[in-house]
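The structure appears right after this line, and notes come after that.
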Amino acid sequence: MKKNIFSVIITALTAINVILTAIMFFVMLPSFQKTNALITQVASVLNLELDADNDAKGDADYTLKDLEITTVSFEEQQTINLQNSADGSEHYAIFEGYTVSVNKKADDYDDFKTDVITANQSVITDCIRNAIQKYDKDGVTEDKVKKDALAAIQKKFDTKSIVEITISNFRKQ
């Protein structure tokens with residue numbers, strides 16, 4: 001007899017659980033749909049969807065053999081003033097040249113071959129100088145300078161085909 005009572009109680013509790021789950025589902029579904037619609041509207045306003053067709057192909061997939069490397073060496077090393085440090089003393093960064101790597105598979109590769117890089121040597125050098133001058137002695141690192149200079153060069157020339165900058169003999173004093 002006890003066996004049957006427990007079976008009835010378990011069956012009743014299972015039925016109540018199914019009923020409450022169904023009620024909760026139908027009560028919550030409209031708010032989930034409203035939330036989804038709101039997120040979709042916000043994403044469309046902010047234009048968060050990435051469109052691969054409109055993005056310039058350049059820095060996506062490339063290997064070392066896909067790169068055209070152009071080296072620029074100066075007759076004398078370049079000395080650039082850093083921002084004054086906390087103690088007020090002046091410090092300098094020094095480099096002897098740089099290398100620009102251009103992705104040959106990029107859509108706008110023809111616009112940035114070696115002769116174009118060489119012709120625009122002063123503009124690229126200026127971008128590197130500006131990237132160095134942002135920092136003081138404690139904050140300047142070669143990696144930071146390369147990242148900032150690459151971003152500035154890509155923005156200046158409106159391209160993603162220039163994928164890497166390497167600075168020769170970068171030192172700070």
Side-chain angles (χ1 to χ4, degrees), residues 1-70 82-83 85-86 93 98-113 116-117 120 123-124 126-167 170 172:
M1 183 82 177
K2 282 187 177 185
K3 217 179 205 183
N4 288 336
I5 291 176
F6 285 133
S7 296
V8 170
I9 291 173
I10 290 172
T11 305
L13 288 175
T14 304
I16 290 171
N17 189 14
V18 169
I19 292 170
L20 290 177
T21 303
I23 291 171
M24 186 175 69
F25 176 76
F26 288 114
V27 167
M28 299 298 284
L29 185 63
S31 66
F32 289 153
Q33 289 174 337
K34 289 178 185 176
T35 304
N36 189 25
L38 178 65
I39 291 171
T40 303
Q41 288 176 349
V42 169
S44 67
V45 167
L46 296 177
N47 196 16
L48 291 178
E49 295 178 350
L50 298 176
D51 188 7
D53 297 333
N54 291 339
D55 196 15
K57 179 183 166 196
D59 60 352
D61 294 325
Y62 61 90
T63 62
L64 189 59
K65 65 181 179 181
D66 296 330
L67 295 180
E68 179 179 295
I69 298 173
T70 304
L82 297 172
Q83 290 190 5
S85 59
Y98 57 88
T99 302
V100 178
S101 301
V102 180
N103 184 359
K104 292 188 269 187
K105 288 185 174 180
D107 293 339
D108 57 350
Y109 164 71
D110 292 334
D111 297 337
F112 295 99
K113 292 184 178 181
V116 176
I117 298 293
N120 290 303
V123 175
I124 295 171
D126 190 49
C127 289
I128 295 172
R129 277 192 189 122
N130 290 337
I132 292 172
Q133 289 175 340
K134 290 182 190 178
Y135 298 102
D136 62 3
K137 182 183 182 220
D138 299 326
V140 68
T141 63
E142 187 174 353
D143 290 335
K144 287 181 183 177
V145 170
K146 289 189 323 188
K147 181 181 173 189
D148 291 349
L150 179 62
I153 291 166
Q154 286 176 338
K155 184 177 179 183
K156 180 78 113 182
F157 291 108
D158 191 29
T159 184
K160 293 286 186 183
S161 64
I162 300 174
V163 293
E164 187 178 3
I165 299 291
T166 305
I167 301 173
F170 180 81
K172 59 183 176 181

Atom [atom1] of [X] and atom [atom2] of [Y]: how far apart are they, to the nearest 0.5 Å?
| X | Y | atom1 | atom2 | result |
| --- | --- | --- | --- | --- |
| Glu142 | Ile132 | CD | CD1 | 9.5 Å |
| Tyr98 | Ile128 | OH | CD1 | 5.5 Å |
| Thr14 | Ile19 | OG1 | CD1 | 11.0 Å |
| Thr21 | Ile16 | OG1 | CD1 | 11.5 Å |
| Ile10 | Ile5 | CD1 | CD1 | 12.0 Å |
| Lys105 | Leu67 | NZ | CG | 10.5 Å |

By side chain to side chain donor-acceptor pair (under 3.5 Å) - contacts of Asn120 (at least two apart):
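Partners of Asn120 by the side chain to side chain donor-acceptor pair (under 3.5 Å) criterion come out as none, since no residue qualifies.
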When you measure from the side chain of Lys144 to the backbone N and O of Gly139, does any donor-acceptor pair fall under 3.5 Å?
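Yes: the side chain of Lys144 pairs with the backbone of Gly139.
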Ignoring hydrogens and angles, tell me if any N or O in the side chain of Lys156 forms a donor-acceptor pair with the backbone of Cys127 under 3.5 Å.
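Such a contact is absent between Lys156 side chain and Cys127 backbone.
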Not counting sequence neighbours, which residues clear side chain to side chain contact (heavy atoms under 4.5 Å, CB included) with Leu150? List them please.
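Leu150 satisfies side chain to side chain contact (heavy atoms under 4.5 Å, CB included) with Gln154, Ile162, Ile165 once adjacent residues are dropped.
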Closest heavy-atom pair and its distance - [X], [Y]:
| X | Y | value |
| --- | --- | --- |
| Thr141 | Phe170 | C-CE2, 4.1 Å |
| Lys172 | Lys137 | NZ-O, 3.1 Å |
| Ser101 | Ile69 | OG-CG1, 3.9 Å |
| Gln83 | Lys134 | NE2-O, 3.2 Å |

Near Lys147 NZ, under 6.0 Å, is it more than 12 heavy atoms from other residues, nucleotides or ligands?
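Not buried by this count: 12 neighbours or fewer within 6.0 Å.
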